[in-house]
**Q** 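One structure, as structure tokens, below. Some questions next.
Basis for what follows: all heavy atoms, side chains included, without hydrogens, waters or symmetry-related copies. Sequence lines set the chain letters: A, B, ... in the order given, protein chains first and strands last, and positions in each chain run from 1.
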Protein chains: 2
Amino acid sequence: MTHHRLNYVEALHAHGYRVTPQRVTVLDAVCRAGGHARPAQILALAREGDLHIDRSTVYRSLEVLVKAGLVLTAPGESGIDTLYEIVQETPHHHLRCTVCGRETELDGESAARLFENLERETGYRLTGDHLMLTGVCPECQASSNNQVVE
Amino acid sequence: MTHHRLNYVEALHAHGYRVTPQRVTVLDAVCRAGGHARPAQILALAREGDLHIDRSTVYRSLEVLVKAGLVLTAPGESGIDTLYEIVQETPHHHLRCTVCGRETELDGESAARLFENLERETGYRLTGDHLMLTGVCPECQASSNNQVVE
DNA sequence: AGTCTACTTGCGACAAATCGCAGTAATCCC
DNA sequence: GGGATTACTGCGATTTGTCGCAAGTAGACT
């Protein structure tokens, strides 16, 4: 249960949100899902904790938790659906191979350097610390030359 | 009508897809939408061209067009919905300010440098040439110090 | 602790998106 | 060009996500 470490009470209050049993249940569900989770999975896990929690409540809670910075979203495989993930101490990014589908985590350090450059160029302070990059992994590059079309 | 420039026939065939009137209609709709478009808008535009095109056909066509590399997806404002955009000759990225909501385009050049570094570090060949970065723009940084919570 | 206010929840209705299936048509091959 | 093959479309049914509203409850203040 990761979320005991991050004080969700403070995070919610800081954003003007109330702490309700339902929101804690949903937060817990996202934690227990581990890694990326689809809404359906979160709904199911949430109902293990609260048998009668409503679907709309789960969706609304997710929205609140994301805004409070407790949960992250990431685009799913197809780029159409949305995945949810509990926030971690160390920011990280994802690298998905479009050929074999495998996913690698990219530590925040390499990304931080890149962000620094971008911040210098644009003047923005970048906060989106959870990118989903896509590419072709070394193994797949080696084994196939016929996938390159574009 | 941008898509006459990119030979969609070849792109579709290269990925093993057939070229159907419906898919051309949808591709055309995405073009005419210009910039980011929500599915509802695309559906409406598609029906201008083909009065009886089915909703599921539009969704399935979008999926195919994305896989064929003719259309790009981007996460919408909330991070939950998906926007579609016609592919362009010059890759570009988006920078959205989380405070004022404004969007800036980031030219491909700065990003290319960013990608180069990442490719060196990871060994991946990066293809996701359409990132949606979020941050706080210079103006909003100047005017507010009370938004920083985390 | 009790009361008040306004944010939240659950519900029902609605809209958006997905899925399986039977008929149709794009492509291949001759 | 004609026929066979198999992907694609449209349809209906289902699932998923959203919205408005009345009842409930967290948080603030006394």
**Q** Rounded to whole Å, please give me the gap between CZ in A:Arg60 and C1' in D:dC21.
**A**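 Interatomic distance, CZ of A:Arg60 to C1' of D:dC21: 11 Å.
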**Q** Just by distance, do the side chain of A:Gln141 and the backbone of B:Gly123 share a donor-acceptor pair under 3.5 Å?
**A**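 Yes, the answer is positive, given that a donor and an acceptor are paired below the 3.5 Å cut-off.
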**Q** What pairs with B:Arg55 under side chain to side chain donor-acceptor pair (under 3.5 Å), at least two apart in sequence or on another chain?
**A**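 Per chain and number, B:Arg55 pairs via side chain to side chain donor-acceptor pair (under 3.5 Å) with no residue.
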**Q** Check nucleotides 24-27 of chain D for protein N or O atoms closer than 3.5 Å to its own N or O atoms and list the pairs.
**A**
unit_1: D:dA26; atom_1: O3'; unit_2: A:Val19; atom_2: O; d: 3.3
unit_1: D:dA26; atom_1: N3; unit_2: A:Arg18; atom_2: NH1; d: 2.9
unit_1: D:dG27; atom_1: OP1; unit_2: A:His13; atom_2: NE2; d: 3.0
unit_1: D:dG27; atom_1: OP1; unit_2: A:Val19; atom_2: N; d: 3.0

**Q** Report yes if a side-chain nitrogen or oxygen of A:Thr57 is closer than 4.0 Å to either non-bridging phosphate oxygen (OP1 or OP2) of C:dG10; otherwise report no.
**A**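 So the side chain of A:Thr57 is within the cut-off, an N or O lying under 4.0 Å from OP1 or OP2 of C:dG10.
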**Q** Starting from P on C:dA25, measure out to CG on B:Leu12 and report it in whole angstrom.
**A**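 The distance from CG of B:Leu12 to P of C:dA25 comes to 19 Å, rounded to the nearest Å.
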**Q** Listed in order of residue number, which residues of residues 34-51 of chain B have a non-hydrogen atom at under 4.0 Å from DNA chain C?
**A**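 Output list: B:Pro39.
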**Q** Rounded to whole angstroms, how far apart are CZ on B:Arg23 and C1' on C:dA25?
**A**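 Atom-to-atom, B:Arg23 to C:dA25, this comes out as 12 Å.
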**Q** Using OP1 and OP2 only, check whether a side-chain N or O of A:Arg55 sits under 4.0 Å from C:dT9.
**A**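 Checking C:dT9 against A:Arg55, no side-chain N or O comes under 4.0 Å of OP1 or OP2.
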**Q** A:Asp54 CG to C:dG12 P: how many Å, rounded?
**A**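 Those two atoms, CG and P, are 9 Å apart.
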**Q** Among residues at least two apart in sequence or on other chains, which ones pass salt bridge (charged side-chain N to carboxylate O under 4.0 Å, His left out) with B:Glu121?
**A**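 Per chain and number, B:Glu121 pairs via salt bridge (charged side-chain N to carboxylate O under 4.0 Å, His left out) with A:Arg113.
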**Q** Hey, could you give me the CD1/OG1 distance between B:Ile42 and B:Thr25, rounded to the nearest 0.5 Å?
**A**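 Interatomic distance, B:Ile42 CD1 to B:Thr25 OG1, rounded to 0.5 Å: 13.0 Å.
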**Q** Dot-bracket for DNA chain C, 5' to 3', with Watson-Crick and G-U pairs under 3.5 Å, [ ] for crossing pairs and | for other-strand pairs: what is it?
**A** ||||||||||||||||||||||||||||||
**Q** Taking only residues two or more places apart in sequence or in another chain, which ones pass salt bridge (charged side-chain N to carboxylate O under 4.0 Å, His left out) with B:Arg47?
**A**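 With sequence neighbours excluded, B:Arg47 shows a salt bridge (charged side-chain N to carboxylate O under 4.0 Å, His left out) to no residue whatsoever.
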**Q** To the nearest 0.5 angstrom, please state how far the CG atom of A:Leu65 sits from the OH atom of A:Tyr84.
**A**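 Answer for the CG-OH pair, A:Leu65 versus A:Tyr84, is 10.0 Å.
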**Q** Assign each of A:Ser56 and A:Val64 to its nearest nucleotide of DNA chain C by heavy atoms, then name whichever residue's nucleotide is nearer the 5' end.
**A**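 Nearest nucleotide further toward 5': that of A:Val64.
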**Q** Sort and list the pairs that fulfil salt bridge (Lys or Arg N to Asp or Glu O under 4.0 Å) and have at least one residue in residues 64-76 of chain B, not counting sequence neighbours.
**A**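 Non-adjacent pairs meeting salt bridge (Lys or Arg N to Asp or Glu O under 4.0 Å): B:Glu63-B:Lys67.
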**Q** With sequence neighbours left out, what residues match A:Arg18 under side chain to side chain donor-acceptor pair (under 3.5 Å)?
**A**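 For A:Arg18, no residue satisfies side chain to side chain donor-acceptor pair (under 3.5 Å) once neighbours in sequence are set aside.
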**Q** Would one find a side-chain N or O of B:Gln22 under 4.0 angstrom from OP1 or OP2 of C:dA26?
**A**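 So the side chain of B:Gln22 is outside the cut-off, no N or O lying under 4.0 Å from OP1 or OP2 of C:dA26.
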**Q** List the residues meeting salt bridge (charged side-chain N to carboxylate O under 4.0 Å, His left out) with A:Glu119, not counting sequence neighbours, and say none if there are none.
**A**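 Counting only residues at least two positions away or on another chain, A:Glu119 forms no salt bridge (charged side-chain N to carboxylate O under 4.0 Å, His left out).
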**Q** Whole Å only: how far is the NE2 atom of A:His15 from the C1' atom of C:dC7?
**A**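 Distance check: A:His15 NE2 to C:dC7 C1' gives 17 Å.
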**Q** Of all residues at least two apart in sequence or in a different chain, which pass the side chain to side chain donor-acceptor pair (under 3.5 Å) check with A:Glu85?
**A**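 A:Glu85: side chain to side chain donor-acceptor pair (under 3.5 Å) contacts with A:His36, A:Gln88, A:His92, A:His94, A:His130.
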**Q** The criterion is salt bridge (charged side-chain N to carboxylate O under 4.0 Å, His left out); which residues satisfy it with B:Arg102, sequence neighbours excluded?
**A**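 So B:Arg102 forms a salt bridge (charged side-chain N to carboxylate O under 4.0 Å, His left out) with B:Glu139.
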**Q** Would you mind reading off the distance between B:Ile53 atom CD1 and D:dC11 atom P, rounded to a whole angstrom?
**A**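 So the CD1-P distance, B:Ile53 to D:dC11, works out to 11 Å.
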